Amino acid sequence: MDAEVSMRVSLLVPERQGSCGVVDYSLRLAASLAEAGTPVTLARAQRGGRLSLSALRAELRARNTQVLHIQYPMVHYGASLLPLIATQLRSVRTVVTLHEFSQSHVLRRAASMAFSRADALIFTTEPERSVFCRQFRWCRHRARVIPIGSNITPVPPVPFRHSGEICYFGQLRPRRGLEDFLALARLAVGAAPELRFRVLGAIPAGCLRYAQEILSRGAELPNLRCELELPEAEIAARLARTEFAYLPYPDGVSERRSTLLAAVASGALVVTRRGPQTSPAIADAVCLVDSPSEALVALRKLAARPAAQQALRAAAQRWLQGRDWATIAEAHRTLYLRLTGGQG
């Protein structure tokens, strides 16, 4: 039997409880692998509404799973040790994708030593891989980079965009830059009344109070509109019509930001903040600023310069190359084949 046909892979994806970008990524990866002819199953690892190692083992035995792929972190893991323990299972080959490491709490980084026993480690950017391998040097030969893709499927190009509209979108949680977005909208009320602002947000578990408090600060702004928990198709439609996206990540823009990918894929021009993991390629594809006041100046200049918009949009599309889901699925398929004895 062909090695790929017999390959049995399970992704650890507990049932959704609130918004989680890593869950969205995992489901998109599963769908993309299936479209490419490599179906995978989802291991829920839950019993009585709780994460359970015995439930996970039962699922893996029932499916005769060869490769267990763990995505970390996820909102639903919480303080559970299940993903750390699952990496130690000897009945399967294990793959771990670490979506965040350098920005994690020191205790979470220490606990990540458990992942060093995985058969393969995936990082979404080279800086993240480098940071991990400096701490766990023995993992270098098992660590690789596979970039993420957008969790939002872009809609076909539209004939026009809403001139002067600026979007923020993503999870409404601390350290995502929403405060700076609201500060920009407030500055624009008097200085740039032609600009309009839109928040497209989802509230993850445990962040309702934060979301309510932060949005209440902008409730009186006449140029701001907030739309929460929209379906993916409606988010994609709005992104396709917005002219700009202001995404002021507090730690700076990098390849691991799925909201950046979604904005660029939609054709919106991205204004954001430089950080230690901002690559030269990204720097060419976005407009970098350090504050809401600088963002306001940059946005007004871009709005008045169609040639500069065209050049920036072209650079952004070049940066997107190789970050489509077909390429991402193929990289995973090759890795799984290698681990199961296929050609790969």
Side-chain angles (χ1 to χ4, degrees), residues 12-28 42 44-52 71-83 99-100 103-105 107-108 111 148 150-152 165-186 189 196-239 242 245-253 256-263 272-273 292:
L12 179 57
V13 186
E15 292 285 354
R16 180 190 298 273
Q17 291 192 359
S19 174
C20 177
V22 177
V23 170
D24 294 339
Y25 169 89
S26 302
L27 296 177
R28 185 60 60 94
L42 302 182
R44 299 302 192 180
Q46 289 172 282
R47 182 168 294 158
R50 295 187 177 185
L51 296 177
S52 164
Q71 309 283 334
Y72 189 86
M74 279 188 188
V75 169
H76 188 46
Y77 290 154
S80 173
L81 298 178
L82 175 67
H99 290 267
E100 294 179 4
Q103 304 299 315
S104 299
H105 188 277
L107 295 179
R108 176 171 282 180
I148 63 171
S150 171
N151 286 343
I152 303 293
E165 181 177 87
I166 304 152
C167 268
Y168 171 98
F169 73 105
Q171 294 186 343
L172 274 57
R173 61 188 306 169
R175 298 182 299 279
R176 289 296 187 272
L178 184 54
E179 291 86 352
D180 276 2
F181 184 85
L182 296 180
L184 172 61
R186 187 167 286 106
V189 170
R196 299 181 308 282
F197 297 82
R198 187 191 300 265
V199 172
L200 303 173
I203 303 175
C207 293
L208 178 59
R209 181 175 295 180
Y210 166 82
Q212 291 173 333
E213 192 276 331
I214 194 68
L215 291 178
S216 69
R217 300 183 196 175
E220 82 286 357
L221 295 176
N223 58 354
L224 178 67
R225 181 174 182 178
C226 298
E227 298 178 303
L228 306 182
E229 308 295 346
L230 293 179
E232 177 188 325
E234 293 188 29
I235 294 175
R238 282 159 175 74
L239 290 177
T242 193
Y246 180 42
L247 305 174
Y249 309 109
D251 59 339
V253 66
R256 64 189 179 87
R257 295 296 187 181
S258 61
T259 46
L260 169 70
L261 282 155
T272 184
R273 177 182 284 117

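Quick caveat: nothing in here was measured; it's all calculated off a predicted structure.
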Do the side chains of [X] and [Y] get close enough for a salt bridge, i.e. N-O under 4.0 angstrom?
X	Y	result
Glu15	Arg44	yes
Asp251	Arg176	no
Glu227	Arg238	yes
Arg273	Asp180	yes

Reported [atom1]-to-[atom2] distance for the pair [X] and [Y], which is rounded to 0.5 angstrom:
X	Y	atom1	atom2	answer
Leu172	Cys226	CG	SG	8.0 Å
Ile148	Asp24	CD1	CG	11.5 Å
Glu232	Leu239	CD	CG	10.5 Å
Ile152	Glu234	CD1	CD	11.5 Å
Arg196	Leu224	CZ	CG	12.5 Å

For this session: Show the numbers, then the answer: is there a side-chain contact (heavy atoms from CB on, under 4.5 Å) between Leu228 and Leu215?
Result: CA-CA 11 Å; Leu228 306 182; Leu215 291 178; 3.8 Å; yes

Student check: side-chain heavy atoms of [X] and [Y] closer than 4.5 Å:
X	Y	result
Tyr246	Cys167	no
Leu82	Tyr77	no
Val199	Arg225	no
Thr259	Asn151	no
Leu51	His76	yes
Ile166	Thr242	no
Leu27	Val13	yes

Problem set entry | Candidate pair Ser26 and Met74, rule side-chain contact (heavy atoms from CB on, under 4.5 Å), full reasoning | CA-CA 10 Å; Ser26 302; Met74 279 188 188; 3.5 Å; yes

Closest heavy-atom pair and its distance - [X], [Y]:
X	Y	answer
Gln46	Gly49	NE2-O, 4.3 Å
Cys20	Val75	SG-N, 3.4 Å
Leu12	Ala45	CD1-CB, 3.7 Å
Ser52	Arg47	CB-CB, 4.0 Å
Pro248	Gly177	CG-O, 3.2 Å
Arg173	Tyr210	C-CE2, 3.3 Å

Problem set entry | Intermediate values then yes/no, side-chain contact (heavy atoms from CB on, under 4.5 Å), Leu247 and Val253 | CA-CA 8 Å; Leu247 305 174; Val253 66; over 6 Å; no

Side chains of residues 201-209: which donor-acceptor partners sit under 3.5 Å, not counting sequence neighbours?
none

Exercise. Yes or no on side-chain contact (heavy atoms from CB on, under 4.5 Å) for Gln103 and Arg256, after CA distance, side-chain angles and deciding distance?
Worked result: CA-CA 12 Å; Gln103 304 299 315; Arg256 64 189 179 87; 3.0 Å; yes

Exercise. Taking only residues two or more places apart in sequence, or in another chain, which ones meet Phe181 in a ring pair (Phe, Tyr, Trp, His ring centres under 6.0 Å)?
Worked result: Tyr168, Phe197

Exercise. Among all residues two or more places apart in sequence or in another chain, which pass the ring pair (Phe, Tyr, Trp, His ring centres under 6.0 Å) test with Tyr25?
Worked result: His99, Trp325

Exercise. More than 12 non-hydrogen atoms from neighbouring residues, nucleotides or ligands closer than 6.0 Å to CZ on Arg50, yes or no?
Worked result: no

